[in-house]
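Following: one structure in structure tokens, then a few remarks.
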Amino acid sequence: MDRARNFIPGPNQELLDIKPIRSLAPMFPAPMGVNINQSSTPPLVCVTPVGQFPTGFGGGNLPAFGSFTTFSVTANGFSQAGTSANGAIDATPISAYKTRSSGATALNGDDEPYSGNQTSASGRKAKKRSAGLSADGSDGVKVKRPKPIYKNLVAGKELAFLPASPNNPREIVEAVHMTFEALRRRHLQMDETQDASRRADLKAGAIMMASNIRANVGKRVGTAPGVEIGDIFYFRMELCIIGLHAPSMGGIDYMSAKFGADEDSVAICIVAAGGYENEDDDTDTLVYSGSGGNSRNTEERHDQKLERGNLALERSMHRKNEIRVVRGFKDPAMVAGKIYIYDGLYKIQESWTERTKFGVNCFKYRLQREPGQRDGAAIWKMTQRWIQDPSTRGRVILRDLSSGIESIPVCLVNEVDHEKGPGQFTYTNQVKYLRPVSSMTPMQGCGCQSVCLPGDANCACGQHNGGDLPYSSSGVLVCRKPIVYECGEACHCTLNCRNRVSQKGIRFHFEVFRTANRGWGLRCWEPIRAGAFICEYTGEVIDELKVNLDDSEDDYIFQTVCPGEKTLKWNFGPELIGEQSTYVSAEEFQPLPIKISAKKMGNVSRFMNHSCSPNVLWQPVQYNHGDDKHPHIMFFALNHIAPMTELTYDYGVVGEETSHRARTCLCGSLTCRGLF
DNA sequence: GGATGATCAGTTAC
DNA sequence: CGTAACTGATCATC
């Protein structure tokens, strides 16, 4: 029920009484920040406007979204134990509050059960940070390209991508995460164009840090609000900016905490990614190796010492505090890639030392997963088994709903009731146009040999897409745009060209499953990266000619109705690095005439339900004809999607015209519009 | 030719 | 301020 319970230690343990650091006047002009309160109380979320802006930002002319009012929200509806409701707090980044005297952390009279007690003297650092955004324009942070990013921050646009009223931690974490990804994809695109160093993760991370666009700033024991078990990540920097695990490389995150009069160093989060010799056979226990012993720069190995993270783990074993665990696995989808899964809270049961094969001593800690938590890494293990051998998937009604039409079988399962399957329809992986494709305007192609390369000024397809190829080398959509032009038959490049993504069809193990209250739904065994292609909306193009009463009976029509903000704001990376906005507001949004019905025929996408907080977006794509009014409708992942998470997209905002067809929304999201 | 290892540049927070 | 650290991309090697 309450978060505070997470902090209640074992029977022998004193109550923790560290005071939160807040209600202090900011020492420095703080950069804009989103800050989930670091204490254990219900998350108080504030967005603080920047004290100073770079020159040139007049008061007028700000975009309509993202006004610069200070607001702070006291979260309602969150249960709270043992603490009185808090007033609004100032959301100046925690780093700005750090003081040299540890006593300063106890200034507050509240009875917070637990919070950070960072006594290290790093006010200096905070100052430096702020300088990055200050009016003098001196960039205190080194991010190489594009050069003066922070000068170009546009006031309104900084806030623009954030939720309109960020009063729930999940929304903030998602927004921060999404922004990081948008930045990372864009930086990767630029890096690939210039054949530069490919650490887009670090570049995106540095910008997020410098602009203080992050969640859960300030360390805390227990859950990180807004981060849910099963959430997946592809880079350590992601864990960093959402406040799940602060060290960018280190495996052990720890902090100093007060226990009555004592002060102790305790571990708060570990990343178990197989860096040391761990055997993780089952998903409820974990043997974690202590840190150190193998220097990165020298060959020499030495015994591990009981200091830093190791000491914190040792103390945590005695304090019996909960420790967040992130498990890292090799991502089969990438050559050299990892996937990180947040697996919830664990406690250390025992520790010992072991002699490694190099003959040095190493600490070992056995952690036990706290009972009663939903599955995290266990789902990953399960679905990986299914992918290797689909016959191990139980509760199957039909092995392949596509009858072999898709290269990967589409499973039909029901674990809820006794429905035997969806109504009759014909499975097709193609769109049936009113006119045959051959009679449509042909698309012009490029003359690239072999494959199209980013940055090639001679590539007609690159030009067609506005200069950059729309996908990164790993096949991920970088940015949402009116139309994406893939290479097609008219092009000289081969099928290996990176600009052929959605035309190659699905690449995931889909599962059509029975939902609790929304009929059939769609989900997937694989984890899906933000920007990855998911599927096309196939069916019959019915167009405006057939707008009639008969439509209201058709639940399977796709139209390019304006989606909600989450979808519209997917692109907001560019703004942060001073590039031109690609944002299209709901007012500016122009629907396309195309209308596809999947009632009689369709593919997996006809089972995708609506959500006001979707994880999938649609994107028009062209490749086999030149009729831009009737493009293919392709779906891409809006954020990283954990295995077995239902795939949903935003069916669009109800307009007057379509209101007679509006339905009550059951998406259950906190930002639900109620109808769709 | 796909897995594996060595190398290197790079970040955060202590 | 130097430095440790369960990174991540690339290139050589088997």
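Letters go in sequence order (proteins before strands), and every chain restarts at 1. This structure is a prediction, so every number in the text was calculated from the model and none was measured.
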Item to check | 5' priority, DNA chain C, between Gly293(A) and Ala336(A) [closest heavy atom] | outcome: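 It is Gly293(A) whose nearest nucleotide is closer to the 5' end.
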
Next on the checklist: Quick check: on DNA chain C, is the nucleotide nearest Val271(A) upstream (toward 5') of the one nearest Arg198(A), or the reverse? Name the residue that is more 5'.
Outcome noted: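 Checking each residue's closest nucleotide, the 5'-ward one belongs to Val271(A).
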
Between [options], spot the one nearest the side chain of [X], thanks.
X	options	value
Tyr288(A)	dC6(C), dT11(B), dA9(C)	dC6(C)
Arg236(A)	dT11(B), dT7(C), dC14(B)	dT7(C)
Phe235(A)	dA9(C), dC6(C), dT12(B)	dA9(C)
Ala246(A)	dA13(B), dG8(C), dC6(C)	dA13(B)
Lys330(A)	dA5(C), dT4(B), dG8(C)	dT4(B)
Tyr340(A)	dA5(C), dT7(C), dT12(B)	dT7(C)

Checklist entry - Between Trp570(A) and Leu638(A), what is the shortest heavy-atom contact and its length? => result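 Reported closest heavy-atom pair: NE1-O, 2.8 Å.
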
Checklist entry - In the structure shown, which nucleotide is the Watson-Crick or G-U wobble counterpart of dT13(C), with both distances under 3.5 Å? => result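 Pairing partner: dA3(B).
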
What is the distance from [atom1] of [X] to [atom2] of [N], rounded to the nearest Å?
X	N	atom1	atom2	answer
Leu239(A)	dA5(C)	CG	P	19 Å
Arg184(A)	dG8(C)	CZ	C1'	11 Å
His245(A)	dA13(B)	NE2	P	11 Å
Tyr254(A)	dC6(C)	OH	P	11 Å

Item to check | Phe329(A)/Trp380(A) aromatic ring centres below 6.0 Å | outcome: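 Judged by ring-centre distance (under 6.0 Å), Phe329(A) and Trp380(A) do meet the cut-off.
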
Checklist entry - If you look at every strand shown and take non-hydrogen atoms under 4.0 Å, does Lys305(A) touch a base, only sugar-phosphate, or nothing? => result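 No contact at all - Lys305(A) keeps every heavy atom at 4.0 Å or more from the nucleic acid.
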
Next on the checklist: Please classify the nucleic acid contact of Gly292(A) as base, sugar-phosphate, or nothing, using heavy-atom distances under 4.0 Å.
Outcome noted: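 Sugar-phosphate contact only - Gly292(A) comes under 4.0 Å of backbone atoms but never of a base.
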
Next on the checklist: With a 3.5 Å distance limit and no angle check, can you tell me whether Asn499(A) reaches the backbone of Pro470(A) through a side-chain donor-acceptor pair?
Outcome noted: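 A pair under 3.5 Å: no.
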
Item to check | Backbone of Arg385(A) reached by a side-chain donor or acceptor of Gln388(A) within 3.5 Å | outcome: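 Not at all, since once roles are kept as given, no pair shorter than 3.5 Å links the two residues.
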
Next on the checklist: Any side-chain N or O of Ser248(A) below 4.0 angstrom from OP1/OP2 of dT7(C)?
Outcome noted: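 No, because none of the side-chain N or O atoms of Ser248(A) sits under 4.0 Å from OP1 or OP2 of dT7(C).
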
Checklist entry - Is any NZ, NE, NH1 or NH2 atom of the basic residue among Lys338(A) and Asp331(A) found under 4.0 Å from an Asp or Glu carboxylate oxygen of the other? => result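 So Lys338(A) does not pair with Asp331(A) through a salt bridge.
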
Next on the checklist: Any N or O donor-acceptor pair under 3.5 Å from the base of dT11(B) to the side chain of Arg199(A)?
Outcome noted: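 Side chain to base: no pair below 3.5 Å.
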
